[in-house]
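Beneath this line is the structure, given in structure tokens, with notes to follow.
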Amino acid sequence: MKKRLMSPLLLSGLLVACGGSTPTPGPTPDTTDPAVLSGQLSGWNYGALTPAMVSRLGDDSVPLTGSRIGSDGTVSVTLPAPTSTASLMSDCTFSGARSVPDVQIDLVDVVAATSQGDLLGTVTQTRRSDGEPLTRMYSSADATFRGTLRCRTLSIDLNLDLRAGWNTIIVKQPSASALQFASVDRTVPTDLKFVAYSPEVVFSFTDDSPLVLRAGQSAKREVRVYQDGGISGDVTLSTDLPGVTVTPGTLSLPTLRAQRAPARPRGLGALGGPRTQAVTTTLTFAAGSGAATFSGELHLLARQNGRTVGGARLQADIRVPSAQLWLGGDFLNGYVGESSTLALSLTPQDGLSGPVTVGLVDPPAGVSAAPRQVTLTPGTTTNLDLAVQVAGTATLGDLKLKVGGDSIGVATATLRVKPARTRIEVQQAPSSLTPAAQGVWITSAYTYTAGAKTLATFQRLVDGKAATEVKLENVSGGLISIPGGDVYAAGTWNDSGKKFYRFDDAGKVTAYDVPAAISPQALLSGPVADAQGRVWYVGTAKEEAGVFRYGLFVWTPATGQIAAVDPEGAYSSNSSNLAFSRSASGRYLLYLGGYNSKPVLIDTETAKTTVLPTTGGGTVESGAVSDTGEAWLLAYGALTRVNTDGTSTTFPAPSGASYLRLLGFDRQQPGVLWLTTYQGVARVATGSTPTLILTDQPMGSALNAGGGLTFLTTGSAANGTPLAYLSTLP
């Protein structure tokens, strides 16, 4: 039988006395006796029947012998005492006033059903003044309750004046965890209603043992179909398992009318009423070509006009010769223009043997893979690789990759599509990248020669191919870029000659002597060049009693001139190669300094220095400065812009991202800031949300003279050979 409620004190479903449509009410019934329902139901067309009293607290259903719903809708129902009751206070705590400690109660519905067991709806009353449905409550004794009943996760406000026997109450549900019970005066005018259940097809299998199917086989089940809510007409049948079909695919349900046929009990006892022949049929379930091995719950689905109107569940054991597919990992890196290898393992099941084909299923745009055919042997796992090709039309970022084939289950992985990259030939993995007038410079080799000298080999690459090579002895492996496109190389600490070199795209080298006033350490600890080719560095300003003070200096290699720009500033001796940032044109510099140092903005044209305010204390991790002198700082993973009025504006990283380092402003797009994250590279049009680009972690980067960013990633082959790649983002 159709149940509406279980425990009245623990389930908020108590409020749902009946569902479905609400017909026009009949005349006012006699409301003086809650045990009696009498009157007439408007629009009743099911013929005469005997209703049943159904307990909401348990499984009891009692045919109301002597009570009737006439063929014209006339109702005459008398409620007997319930066959079982439950404690009102069971498992609950009461606070308030009460006349007795507890009473035994039941809450019931009056249900109309056909003699074949089709549940039609409920007969109920509503309060005429506001349409509130009334609920019949049985009480074992006279009792009054004013207070709150707390039952686990549910609270019930009680305002009850109960008499021994049947009472009418109103149940409300102000929230999912709260109910209200209130008594209704017996003289309140009410209307009688029949409320139909929602149309639903209910299936009852005579054999509910597990459904066993083998490839190409079928199994039959006899089923009785019930038309709850008076549903009729054609309904289509299907299952929720791909490849598993059910026939017939359509059932035609007759209209329920008052006819004569033998009655049958269905939990409600033998009820009178419409006696249309109950729909009994045999359903055939079959495992077709698209079926897969499965063990679990199969859902039979009934639909009418595209809407699900019922169904049933059967345990199913489906065995189809197939192969279990495993992928070598949940993620696969894919690079635009390249092929990546996805490792697969296939294990045959249920007797599958011979050739099978595996490939991508509905691949994303721009992603393809040539299917692989392999021959499987029962009891043996076969490993193979699938070459996944990423074209230029593929979307950068995470894409879902599905792999499968005939007789093979589908497995999924995430394809992380990253920008195109070009492999460059190196003797050792480079660690930096420096922009040239055209292309970029890398340190392709750094070796020791006789006499404890070093030999650095610098290569200029254009589109990943070597265009120029410069070899210098006793220089640092890092280069210092000049905005015009040339680069500097500083002599090493043990270079007694203290040389400084400048070379251009063609490889023409100019050597300079480093003045004695400049220590080699100053030129190896993050100096920066401006647009005039002058070198800005932090050096010793004075020494007093063994205490050193450091200041800002500028040196012009072409003339040898040194100028003290800010000898009294708060500069640090532990500068690194990240100490200075430079604007695209080279006019502005940003000095970060050491721990707890304040950033300093430097105008190279006027030699003006400005100490910038910071928030939060601690070390500023990296910085960038625009050609208008606007400084951006990165501290504690947050991006901060220093405004011209001295205030700061902070821009948190997008959800799921974390900033690592600011790379600088684009050299052709002044409003675009480049930075790195744990996920790769980010591009920020200042004032807007960053665009995150999945990449391998950059080991070096260069802001291209023509705009965009070139970055370096490294790795090693299986034999230990160093690998290096260049990628360019517009």
Side-chain angles (χ1 to χ4, degrees), residues 325 327-344 358-372 385-405 409-424 463-464 639 651-661 663 666 668-669 671-699 701-704 706-715 723-730:
L325 172 65
L327 304 183
D330 295 331
F331 296 93
L332 176 68
N333 284 326
Y335 302 89
V336 170
E338 290 187 31
S339 178
S340 298
T341 299
L342 180 63
L344 311 177
V358 60
L360 297 183
V361 179
D362 299 325
V367 179
S368 61
R372 292 287 309 275
D385 292 333
L386 187 67
V388 179
Q389 182 70 37
V390 180
T393 55
T395 301
L396 295 180
D398 285 346
L399 303 179
K400 179 175 285 188
L401 208 60
K402 295 190 292 184
V403 184
V410 174
T412 61
T414 297
L415 176 66
R416 292 191 159 167
V417 179
K418 300 180 179 181
R421 60 183 186 172
T422 300
R423 181 177 172 181
I424 56 178
D463 296 329
L639 188 60
F651 301 89
S655 176
S658 181
Y659 297 138
L660 284 177
R661 181 188 168 195
L663 302 178
D666 194 278
Q668 296 298 322
Q669 304 172 81
V672 172
L673 178 64
W674 293 94
L675 59 155
T676 60
T677 72
Y678 282 108
Q679 293 77 24
V681 172
R683 184 180 187 274
V684 182
T686 53
S688 65
T689 302
T691 300
L692 302 178
I693 305 168
L694 285 179
T695 69
D696 293 336
Q697 198 55 237
M699 301 303 297
S701 64
L703 296 164
N704 302 323
L709 178 79
T710 295
F711 63 91
L712 169 73
T713 56
T714 60
L723 301 176
Y725 303 91
L726 291 183
S727 299
T728 298
L729 299 172

If you look only at distance, which donor and acceptor atoms sit under 3.5 Å apart when one is on a side chain in residues 390-403 and the other is two or more places apart or in another chain?
from, atom 1, to, atom 2, distance (Å)
Asp398, OD1, Arg416, NE, 3.2

Heavy-atom side-chain proximity of Leu703 to Leu709 below 4.5 angstrom | yes

Which residues pass the side chain to side chain contact (heavy atoms under 4.5 Å, CB included) test with Thr728, sequence neighbours left out?
-> Asn704, Thr710

Would you list the pairs meeting salt bridge (Lys or Arg N to Asp or Glu O under 4.0 Å) in which at least one residue belongs to residues 330-343, sequence neighbours left out?
-> Glu338-Arg421

Indicate yes or no: at least one non-hydrogen side-chain atom of Leu415 is less than 4.5 angstrom from one of Leu342.
-> no

Residues passing the side chain to side chain contact (heavy atoms under 4.5 Å, CB included) test with Ala413, sequence neighbours excluded, are Leu327

Would a 4.5 Å heavy-atom cut-off, applied to side chains only, mark Val417 and Leu694 as touching?
-> no

Taking the side chain as every heavy atom from C-beta outward, state whether Pro419 and Val336 have any pair of such atoms under 4.5 Å apart.
-> no

Set of side chain to side chain contact (heavy atoms under 4.5 Å, CB included) partners for Thr676, sequence neighbours left out | Leu660, Arg661, Leu663, Gln697, Pro698

Taken in chain and number order and not counting sequence neighbours, the residues that satisfy side chain to side chain contact (heavy atoms under 4.5 Å, CB included) with Ala702 are Leu433, Pro435, Val440

Evaluate the side-chain proximity of Tyr659 to Pro690: yes if any heavy-atom separation is below 4.5 Å, no if none is.
-> yes

Salt bridge (Lys or Arg N to Asp or Glu O under 4.0 Å) filter on Arg683, not counting sequence neighbours, yields none

